[in-house]
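Naming convention: chains lettered A, B, ... in sequence-line order (proteins, then strands); numbering from 1 in each chain. Values below: every heavy atom of this structure, side chains too, minus hydrogens, waters and symmetry copies.
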Protein chains: 2
Amino acid sequence: MTTETDTDAADHTPRMAARRQAMIDAAAAIFFEHGFERASLSAIVRRSGGSLSTLYQLFGSKEGLFEAMITQRCAEIMEPLTAPRPPDQCPRETLTRIARGLMGVLMDPEAQGLWRMVMGEGIKFPHLPEIYFRCGPDPVQAAMTRYLGDLHERGIVRCPDSTAVANAFCGMMQSDLFYRTVTGMRAGPDAAEVERHIQKMVDLVMRMLAPG
Amino acid sequence: MTTETDTDAADHTPRMAARRQAMIDAAAAIFFEHGFERASLSAIVRRSGGSLSTLYQLFGSKEGLFEAMITQRCAEIMEPLTAPRPPDQCPRETLTRIARGLMGVLMDPEAQGLWRMVMGEGIKFPHLPEIYFRCGPDPVQAAMTRYLGDLHERGIVRCPDSTAVANAFCGMMQSDLFYRTVTGMRAGPDAAEVERHIQKMVDLVMRMLAPG
DNA sequence: TAAAAACTGTAATGTACGTTACATTATCCT
DNA sequence: AGGATAATGTAACGTACATTACAGTTTTTA
């Protein structure tokens with residue numbers, strides 16, 4: 001039940017470390033496709049190579065494997081969002097770049113699998129949304145809040161409540177386009193359609209920020 | 001597999017109709033709490049009264065029961081969103097009313113259970129997001145688009161792309177407040193906090209719509 | 001009220017899967 | 001090379017649950 005001694009996970013040998021990684025990769029593929037319940041450990045082992053025995057030695061349980069996978073993958077998937085930003089562009093360009101990063105992640109199939117799990121099974125696994133928000137939305141919104149607050153203080157835009165605007169902007173990106181894709185109602189849109197959406201939303205947020 | 005002859009479901013007798021409804025109610029509670037996979041039919045019958053035999057006679061399968069439940073509940077849950085709107089308020093008041101309706105549904109525990117299923121298991125059950133969007137987001141956004149387009153043509157607000165604004169507005173409502181509640185990261189916010197959020201978002205969208 | 005139909009409770013069946021045990025094979029160290 | 005250790009493949013165990021079968025009970029109907 002309790003995963004107290006998680007971090008030991010004796011991957012002493014380099015061979016074992018490779019197995020461990022292969023299993024995490026396979027787990028990501030299977031879990032993100034089927035969700036936690038429907039994912040079968042045998043299917044994961046079939047894909048990763050190795051054996052159930054090794055899996056249990058390394059991760060202890062299905063949940064152990066799941067957490068190890070999530071902890072590693074979350075950061076990787078979100079990485080484009082926390083990349084350092086080139087300084088001193090005009091606000092519209094900076095916002096466009098942020099929006100492109102967001103949409104890139106939102107439209108990535110693996111990230112969508114993660115999102116489905118966070119939203120669908122987060123209640124069952126409190127660690128899951130915790131890790132997710134810490135790696136993804138939290139830093140993005142914090143950075144954006146700081147950025148907008150800064151622009152406001154320098155009188156470049158009017159944004160007395162930068163937290164609210166950052167919040168709104170992130171929400172705006174998750175439009176129909178995203179929801180219908182993540183639920184499988186429509187195929188992933190092509191780059192042009194995504195770009196059109198980005199432009200519209202940036203236009204709107206720029207109007208929000210107009211002085212006066 | 002295929003649920004061809006769904007609609008027959010011989011609830012001839014009034015007693016059977018009552019059972020049917022009780023089972024749908026119990027199914028809603030259990031499915032929304034645990035999700036499709038984790039929900040157990042025995043648990044549903046335990047709650048509804050009646051028997052597994054009757055359940056199978058009425059619904060044919062677990063999926064049959066699920067679809068019957070979703071079809072009925074979706075419309076009910078979303079009902080506040082499609083209520084007719086009193087005419088001729090000022091835009092800010094109308095938008096506030098729409099926002100209150102949206103947040104009311106978004107924060108409703110049963111609706112959150114539905115939302116978790118749509119997002120988490122929608123890929124597995126294409127009917128689910130289909131029904132959901134048809135009952136919820138689609139009519140709301142359509143009505144809002146029409147409303148904004150109308151205001152634009154009458155020169156009351158500046159909104160050349162009312163679809164985009166309606167889309168953005170619905171997205172803005174789903175802020176951290178919602179995501180953290182629906183994932184169980186935080187308790188449901190009190191009415192005051194929700195109202196504050198509504199006011200902020202309406203303020204922002206009004207800025208979007210400012211002429212000039 | 002008695003036969004027919006509808007409904008219920010319980011148990012049986014089959015399956016899928018998490019987890020463990022064990023015998024076999026490959027790898028590493030001296 | 002040869003013994004110790006690590007890793008694998010397979011199968012067994014226990015459980016949970018969807019689905020079905022059936023015998024008993026209630027409700028309806030004539």
Novice: If I take atom CE in residue A:M23 and atom P in nucleotide D:dT8, what distance separates them, rounded to the nearest angstrom?
Specialist: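 Distance, rounded to whole Å: 7 Å.
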Novice: So does B:A39 get a backbone contact from the side chain of B:H34, meaning a donor-acceptor N/O pair under 3.5 Å?
Specialist: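 Judged by distance alone, no pair lies under 3.5 Å.
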Novice: Can you measure B:Q57 atom CD to C:dG9 atom C1' for me and round it to whole angstrom units?
Specialist: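 It is 15 Å, rounded to the nearest whole Å.
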Novice: Using atom OH of B:Y56 as one end and atom C1' of C:dT8 as the other, report the distance to the nearest whole Å.
Specialist: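 The answer, rounded to whole Å, is 16 Å.
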Novice: Within this structure, what is the CE-NE2 distance for the pair B:M107 and B:H197, rounded to the nearest 0.5 Å?
Specialist: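 Reported value, rounded in 0.5 Å steps: 7.5 Å.
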Novice: Mind grabbing the angle between the end helix axes of the helix from C:dT1-D:dA30 to C:dT30-D:dA1? Five pairs an end, 10° rounding.
Specialist: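 About 10° separates the two local helix axes.
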Novice: May I ask you to check whether A:D203 and A:Q199 show a side-chain donor-acceptor distance below 3.5 Å?
Specialist: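 Per modelled atom types, A:D203 and A:Q199 side chains form no pair under 3.5 Å.
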Novice: Considering only nitrogen or oxygen atoms on both sides, find all protein atoms under 3.5 Å from nucleotides 21-25 of chain C and state each distance.
Specialist:
residue : atom : partner : partner atom : Å
C:dA21  : N6   : A:S53   : OG           : 3.3

Novice: Salt bridge between A:R134 and A:D138, side-chain N to carboxylate O under 4.0 Å?
Specialist: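 Salt bridge: no.
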Novice: Please state whether the rings of B:F36 and B:F31 are parallel, tilted or perpendicular, taking 30° and 60° as the class boundaries.
Specialist: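 Plane angle under 30°, so parallel.
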Novice: Would you classify A:G50 as touching base, sugar-phosphate or nothing, given that sugar-phosphate means primed atoms plus P, OP1 and OP2, and contacts are heavy atoms under 4.0 Å?
Specialist: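 The answer is sugar-phosphate, as A:G50 gets under 4.0 Å only of primed atoms, P, OP1 or OP2.
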Novice: Considering only NZ, NE, NH1 and NH2 on the basic side and carboxylate oxygens on the acidic side, decide whether A:E110 and A:R73 come within less than 4.0 Å.
Specialist: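 Answer for the salt bridge query: yes.
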Novice: Can we call the ring centroids of A:F125 and A:F66 under 6.0 Å apart?
Specialist: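 That pair passes the under 6.0 Å test.
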Novice: Roughly, in whole Å, what's the span from CZ in B:R46 to C1' in C:dT8?
Specialist: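 For the pair B:R46 CZ and C:dT8 C1', the rounded distance is 16 Å.
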Novice: Are B:E121 and A:R116 ion-paired here, with the side-chain N under 4.0 Å from a carboxylate O?
Specialist: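 Judged by the 4.0 Å cut-off on N to carboxylate O distance, B:E121 and A:R116 do not form a salt bridge.
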Novice: Measure the distance from CE on B:M16 to P on D:dT28 and round it to the nearest whole Å.
Specialist: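 Distance, rounded to whole Å: 13 Å.
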Novice: Which nucleotide sits closest to the side chain of A:K62: D:dA7, D:dT19, C:dG18?
Specialist: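 Closest of the options to the side chain of A:K62: C:dG18.
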Novice: To the nearest Å, how far apart are A:H34 NE2 and C:dA16 P?
Specialist: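 So the NE2-P distance, A:H34 to C:dA16, works out to 14 Å.
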Novice: Using whole Å, report how far CZ of B:R38 lies from P of D:dT15.
Specialist: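 Computing the B:R38:CZ to D:dT15:P distance gives 17 Å.
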Novice: With respect to the side chain of A:S51, which nucleotide from C:dT19, D:dT20, D:dT8 is positioned closest?
Specialist: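 Closest nucleotide to the A:S51 side chain: D:dT8.
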Novice: Would you say a side-chain N or O of B:T54 is under 4.0 Å from OP1 or OP2 of C:dC7?
Specialist: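 For B:T54, the contact criterion (side-chain N or O under 4.0 Å from OP1 or OP2 of C:dC7) is not met.
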Novice: Starting the side chain at C-beta, find the nucleotide from D:dT8, C:dC17, C:dT19 nearest to A:L41.
Specialist: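 Among the listed nucleotides, the one closest to the side chain of A:L41 is C:dT19.
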Novice: What is the distance from CG of A:L65 to P of C:dT19, rounded to the nearest Å?
Specialist: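 Interatomic distance, CG of A:L65 to P of C:dT19: 10 Å.
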Novice: Tell me what B:A39 touches on the nucleic acid: a base, only sugar-phosphate, or nothing, going by heavy atoms under 4.0 Å.
Specialist: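 Touches sugar-phosphate only.
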Novice: With a 4.5 Å limit on heavy-atom distance, are the side chains of B:Q57 and B:R19 in contact?
Specialist: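 Contact flag for B:Q57/B:R19 side chains = no.
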